[in-house]
Each structure stands twice: as structure tokens, then as C-alpha cells.
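Take a look at the structure below.
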Amino acid sequence: MTNPVAIQNYDGIAVLLVDNPPVNALAKSVRQGLRDGMREILDDPAYVAAVIACAGRTFVSGADIHEFDLPMEGVGIDEINTLFENRSKPVIAAIHGVALGGGLEIAMGCHFRIATKDAKLGQPEVKLGLIPGGGGTQRLPRAIGPARAVELIVSGEPILAVEGLKLGLIDEIFEGDPIAAGVAFARRVLSESRAFRSLRDDDSKLASTRADRNLLTEAVNNAVKRDSGMDAPRACVEAIGWSLNVPFDEAIRRERELFLALKDGEQSKALRHVFFAERNSSKVASITSHVRPRAVNTVAVIGAGTMGGGIAQSFANAGIPVRLVEVTEEALDKGLATIRKGYDSTVARGGLSAEEAARRAGLISGAVGLERVEDADLIVEAVFETMQIKEDVFSRLSSIAKPGAILATNTSYLDVNVIAAATYRAQDVVGLHFFSPANIMRLCEIVRGKETAPDVLATAIAVARRIAKVPVVVGVCHGFVGNRMLSVSIAQARKLLLEGALPQQIDAVANKFGMMGPFAMGDLAGLDIGWRSRKDSGERLPIEDALCEAGRFGQKSGAGFYRYNQGSRTPIPDPEVEALIVETSRGLNIGRRDIEDAEIHERLTYPMINEGARILEEGIVERASDIDLVWLYGYGWPRQTGGPMFWADQTGLAIVANRLAYMAAIDRDTTLRPAPRLARLAFGGGTFGSLK
Ligand code: 3HC
Ligand code: NAI
């Protein structure tokens, strides 16, 4: 094993240089290198000071997350910091890029920290379901005060070094090479005979909060606002609290214990799975290393309705100019006015400054007529969900759009291959399926047509990331991944109503799991959309049809599956709806029974998992974790369970498959039988996560 930590001697100033690409994670070998290197520096009288710096694009980005699934062994961060905190030679951290998690923790073990002004400093452990486990809960409160430490640690959000300078976390900002800056700083410390202290011995910023614990209450209340179902935020608060009343070494011991307990818990495992899932979703077999994304500098969005407006904002928010194209002035004005109203209300809520909102809105221009998309590099179509209209738009785009421009459709259900066939450039066509509200929801299903070129796919992924979306590449099928799986869950929810459950019971089960219930969601989206399209197709859904016939379209009409008080979005169970449901069951000769919550939960979720297994078998996605991302970012699946496929793995696929087989038999519904991929895994003791 080569040592990723080297000692370089700059005339008596030792530089401990970490070189562990890509992001200098604090792997076991790095921790050992830091400990051994620091021992050598302390033992060798030729060295008078030490600088900790990193090669490559960043300072240490934190513990190596891969190692969390293995037994914890090797040198601990605390052992390294104990050596750094010696009183004989000053130790300086020279930070560029990011200093995150264990990276910031070793920097806080140093006597001084200097950083480039754009460096980011943070303790993001909470996002992995953890508390900082290398002294961060004890040293950060001493560096910046407990209240600010609560904000940083519980949010997990980093701050810029310039902010760190104001807070006292950073001693100086430098420009250029970290090694040169670190060595120069060390020389000044020595020549000025500057006193150096360790944060562990400096309680000055704790004094006021020690005297009045109430000073922390507001920070805690702000940081832990609502019950997210996550354990880590409260654990962070508890550990930070120890900085006030527990001796330092004992607090470090307790921090380590709590960190390890969380690390081995289900939530952290799930959140680590999400971390890697997010990074893997861009890895697509057909995009080989020589594929280069096309340049996207200007975008056109066709259709200024619900989706078009939100999509345009997503691009403008990322600084990309957008032209919004409509058929009439009237529709255009309406769309642009809705966008302006959206920005105004964000400003009113304090979410954006008026200048920034104006800058973003200024990036969106409007035009009437399809020919106005001619200079766009990327064109996103968001017109009505009718094949004929989409085919017409795409056949015209085929000749209007400049050569090389990407033609994307936001269709929810239509066949992207048929849409592509309306053009003579199917290789340029791709689906970009945004979710409503498109300026907020982070999921973007990237629908790969059978002729979509690899560089078009690569561009779609890169653009989605640029506008802060989470891209997931999916193949063509009805409803793609998200809506396809949703439809089997909703079908069960409807059956449950007829068999004896009520909307509020079913929704409560979903809420308890951490998701919005299907009926509250229906009321939010509007029940009339499906009703109108069912009228055209002749399909009947007895309960929804009856609600719509009574003018109950959901929240927008003040009533749907629930009723709503004026101006409120809180669903109130409605005896009229209960009567309608009971009557419908009777009319269909279905005997109603008491249904247990556990059955409801299984029926809402297991058929979805089964559909996910079919999606995998058909090669619609590359890996099970892509399905997890769809549900986490498009449908609010509870993050701490890692997404439906990971959750099914944790539940046990044999349990899921057995219950599905039982449901299929009781219901005489062959679609509920375990899908072959699920059955094989369940039988062989495998998991979705183990499929590669
Ligand atoms: N451990 C292991 N691998 C890591 C890693 C880490 N801490 N951080 C990043 N990586 C890997 C990624 O998986 C990715 O690998 P891949 O190329 O094989 O997919 C590669 O490094 C590059 O990562 P990104 O694509 O995310 O690169 P960016 O440049 O966009 O972002 C970053 C870099 C800001 C460092 C970002 O990766 C990040 O936020 N990393 C996680 C930081 C973190 O959570 N640190 C805390 C860890 S927990 C801890 O320190 C506990 C301690 O308190 C004891
Ligand atoms: P919408 O009805 O709100 O807006 C459609 C807009 O397209 C209208 O403003 C209309 O004037 C305009 N339009 C129609 N033909 C046009 C043409 N030839 N040229 C320019 N503009 C034209 O519809 P919505 O909800 O925005 O849906 C748009 C697309 O997005 C549909 O394909 C839909 O399936 C899809 N989608 C909708 C979601 C939703 O929740 N509403 C979610 C994800 C996708």
C-alpha cells in the first residue's frame, strides 16, 4: 500500500501533504499516514512547525464513506488531533476546495487554519444520518460558539471561508498555492512568536451559553423545526450540548459512541445508499469516456402552462437564458404573469432578494410562434398531453430547430419513440420529464428513446445537473418509472376504499411512513384532470367519478376526497365522502371489513416494489438505486429509508415476495404475483442492491 501522506521539508517547516484522489477522503491509509507523519515531525528537532495541506482539487472532504460499511479499525481522528494539539510546534491547516466532516475536524485540531476565500467548510455528517464523530461537536462550538455550531451541524450546510474568518474559525484568507501559503504563515507565527492554543483548551466562546442555556434554545428550535423522522439532528444537538457541561475528553468519548451507534443504524445506511445512488445515476453504459456533451447556452420552452413556466424558471434560476414560446399572446402573457407572481411571492417570503428575482425573471423572454425557437441549443416541449399535438410540434421543430439542437419532450406518458419518429432527426430527441412544480421538484427522468444519441443523453444529464436537478435515465414505457409504479399503488388504494378503509385511514398510514397519502395527493393535483380524460376513454372509477360529478375536484374547489376550509390546505375528513364510499361498496356487492394499518401499508408498497422489479428486468433503468432516486426526489418517499428498492432489501425480499403471492391468491390478481426478478432474488437470498 503506498502512503498517501508525504512529508516535505521547507527549511524546517514540515508539510504533511495528503494525496488521495479524487477528494482526499480520510481513508484508513490517510489517517495512518497523518499519525505517523505527525509523530515523525514532533520527534525530529529539525522541524519547527507543521503545515497540513492537500494535493489535487480539495482539502480533506471527510471520512471515507465506503469504510462505514466495514468494521471501524485503524487510527482514529482523535489520535491524530491529539498529536496536532501538542504544545511544542505550531500546526497550520492550509485549506483549499472543501474541508468537510472529518476534514474540518482535523483542521480544527490544528492551532491555525488558513483558507482560500472560496473554500467551503462544513460538517455534513447529519446528511448521512450521523453526528460528527471526530470531535466536531466539541471543537466547533469552541471555535464559533454553540448557537452557530448548532446551525452548521444540524443543517449540514457548509459556509464559505470568508464567513469562517468572521466567525473565528479561519485565521486568514490566502490566494494561490496552499503549501506556499501555509509555509509563509508558519514562518510568520514563528517570527512573531505568536501564541498558539488548541481549540480544546479554549472555552471562551462557551462562557455565555454556560451561564444561560436559554441562549441555545432559539438556535435549537430553529434548527430542529419539524419532526423529519430522522434521528441524527437531535443526536447532533445532544452532543453539542455536552460541550457545555461535560469534560472535553469524556465528551469526545460519548461523541464517538453515539457516532458509532448511528453509523450502524438503518437510517445512516439508507442515507449513505442515497449518497452513492446520486453519484451513480449519471453513469450510463452507452456514455463512454469519449462521448462529449453538446454545448447548451440558450434554451427554448414550448408551452407556458403549469409545467412550461416552472421549467423555464429552473433554467433561469441557474443563469441560463430561456425563451418561452406560446401559440397566442394571451397564453404567453398569462404564463409570464404566473412566473412573475411566483418570483414576487418568493421575495415576499424572504427566499430571494428583489434584485436576484429581477435578474432571474429577466433571463426569461417570451415569444409567439414555434419558429422563434430557431436559435436555441435545447428545446423543451411542454404542450398539451395529446400525441397528435406533440407530433405536429416535433415535425415542425425538425426543420425549425438549428442542426445539433436537442429536442426534448416533457410528456408524462406518451411514447417518446413515436414522438421522435415525427422528426427526421430522432437521434436528437430525448424525454426530459420534470415533476410539478418543476421549479421546485428535483427529479428529472431522462427518457432515452431507441435512437437517442449518446451525446444527447450525456447533454441531458449534464444540463439537468447544471440546473440542480437529479437526473435518472429511464427507458420508454408507459408512465416511465415513477408514474408506472405509482399507478399500481393507487390501484390498491382504490381497492382498499371499496373493501372497508377510508381516505383518512389510508393517508394516515402513508403519513406515518413519512409520505403524503394518495388521497390528499389526489386532492392537491386535482381530481378533474383524470376524470376528463376518462370521459374520453370511457373508463370508469366509481368513487372519483362521483366526486367529480358532485363538483369535488380537490383543493381547488374546496372539496375532493376531503373538505377544505377556505384558504386552508388542511384535509378534513368528510362524512359525505364516507357515505359515498360505503354506498359504492354496497352497489358493487363488496362486503366492507376492518382493515389493519399493516395490511394497508403492505398493499400500498409491495406491488410498487414488484413493478420496480419488472422495470429492472426490462432494463428500463440501469440499477435499482435509480428507482430509489425517482421516488425520493419525485414523490417524497422518506429519505431515511433509502427509497423503495433499498427499503425492500432491508425489509427482506422473501417477506415481500411471500406477501405478494398471498395478495395475488386472495385477490385472484395475477399481476400481483411476484415478478420473476423479485422471485429469483427472494428465493436465492439476494437483494436489488447486489444486482449490477
Ligand atoms: N468518501 C468516499 N468517497 C467520496 C467521498 C467520501 N467522503 N466524497 C466524495 N467521494 C467520491 C464520490 O463517490 C465520487 O466517486 P465516483 O467518481 O466514483 O462516483 C467522487 O468522490 C467525486 O465526488 P462528487 O461527484 O461528489 O464530486 P464533486 O466535486 O461534485 O463534490 C465533494 C466533491 C464536495 C467532496 C462531495 O463529494 C461531497 O460532498 N462529499 C461528501 C462529503 C461528506 O459528506 N463528508 C463527511 C463524511 S462523514 C465524516 O467525515 C465523519 C467524520 O465526522 C468522522
Ligand atoms: P398546461 O395545459 O398547463 O399547459 C400547456 C400549454 O401549452 C398551454 O399554455 C398551451 O397554450 C400551450 N400549447 C399548446 N399547444 C402549443 C403549441 N403548439 N405551441 C406552443 N404552446 C402550445 O399543461 P401542463 O400541465 O403544463 O402539461 C404540459 C406537459 O407536461 C404535458 O405533456 C404533461 O403531460 C406534462 N407534465 C405535466 C405534469 C403536471 O403535473 N401538470 C407533470 C409532468 C409532466
Side-chain angles (χ1 to χ4, degrees), residues 20-27 31 57-68 72 76-78 97-106 120 122-137 153 156 158 255-256 259-260 263 268 271-272 275-276 278-283 300-311 324-328 330-332 334-335 338 367-370 372-373 380-387 389-390 392-393 396-397 409-414 419 431-438 441 443 445 465 480 482-483 525-526 529 634:
N20 184 31
V23 292
N24 289 315
L26 211 48
R31 298 193 310 272
R57 58 173 149 131
T58 180
F59 192 76
V60 173
S61 66
D64 187 331
I65 301 167
H66 295 103
E67 289 182 358
F68 290 171
M72 281 311 228
I77 294 178
D78 198 47
V98 299
L100 297 176
L104 183 58
E105 289 174 313
I106 59 161
K120 288 183 179 162
Q123 299 281 176
E125 288 87 345
V126 73
K127 296 185 181 180
L128 298 170
L130 299 167
I131 63 167
T137 63
I153 292 175
E255 180 201 67
R256 186 81 193 145
F259 169 85
L260 289 175
K263 178 189 81 66
S268 178
L271 293 167
R272 270 135 54 194
F275 176 85
F276 290 114
E278 284 172 3
R279 278 147 189 89
N280 286 336
S281 79
S282 301
K283 295 172 188 155
V301 175
I302 308 172
T306 311
M307 292 305 287
I311 295 168
L324 200 50
V325 175
E326 261 290 349
V327 265
T328 62
E330 208 187 341
L332 180 63
K334 193 171 161 223
T338 307
V368 171
L370 209 58
R372 299 298 303 279
V373 305
V380 185
E381 165 278 312
V383 306
F384 302 129
E385 182 80 344
T386 308
M387 186 52 103
I389 300 179
K390 305 250 190 217
D392 175 54
V393 167
R396 290 169 62 204
L397 282 181
T409 172
N410 184 47
T411 183
S412 310
Y413 290 98
L414 300 176
I419 295 173
L432 282 184
H433 184 213
F434 292 89
F435 286 68
S436 182
M441 296 300 287
L443 177 65
E445 283 182 328
R465 287 210 183 274
F480 313 122
N483 286 339
I529 306 169

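Counting starts at 1 for both ligands and their atoms, following the listed order.
- Residue A382 holds the heavy atom nearest to atom 5 (C) of ligand 2 of all those in G431, A367, A382.
- If you check which protein heavy atom lies closest to atom 7 (N) of ligand 1, you get A63 O, 2.8 Å.
- Among the atoms of E326, some N or O lies under 3.5 angstrom from an N or O of ligand 2.
- Polar contact check, N410 against ligand 2: a nitrogen or oxygen pair lies under 3.5 Å apart.
- Close contacts between ligand 1 and R57 involve ligand atoms 22 (C), 27 (O), 28 (P), 29 (O) [criterion: under 4.0 Å to a heavy atom].
- Ligand 2 is approached by F434 to a heavy-atom distance shorter than 4.0 Å.
- What sits closest to atom 34 (C) of ligand 1 on the protein, heavy atoms only, is L100 CD1, 4.1 Å.
- A cation-pi geometry, defined here as NZ or CZ lying under 6.0 Å from the six-membered ring centre and within 45° of its normal, does not hold between R272 and F276.
- At least one heavy atom of K283 sits closer than 4.0 Å to an atom of ligand 1.
- Atom numbering of ligand 1 starts at 1 in the shown order; those under 4.0 Å from a heavy atom of P132 are 53 (O).
- Assignment of H433 to the shell around ligand 2 is supported, since a heavy atom sits closer than 4.0 Å.
- Contact atoms of ligand 1 toward P22: 20 (C), 21 (O) (distance under 4.0 Å to a heavy atom of the residue).
- Near P124, meaning under 4.0 Å from one of its heavy atoms, ligand 1 places the atoms 43 (C), 44 (O), 45 (N), 46 (C).
- At a heavy-atom cutoff of 4.0 Å, ligand 2 is contacted by no atom of K334, backbone or side chain.
- Some N or O of M307 is nearer than 3.5 Å to an N or O of ligand 2, by distance alone.
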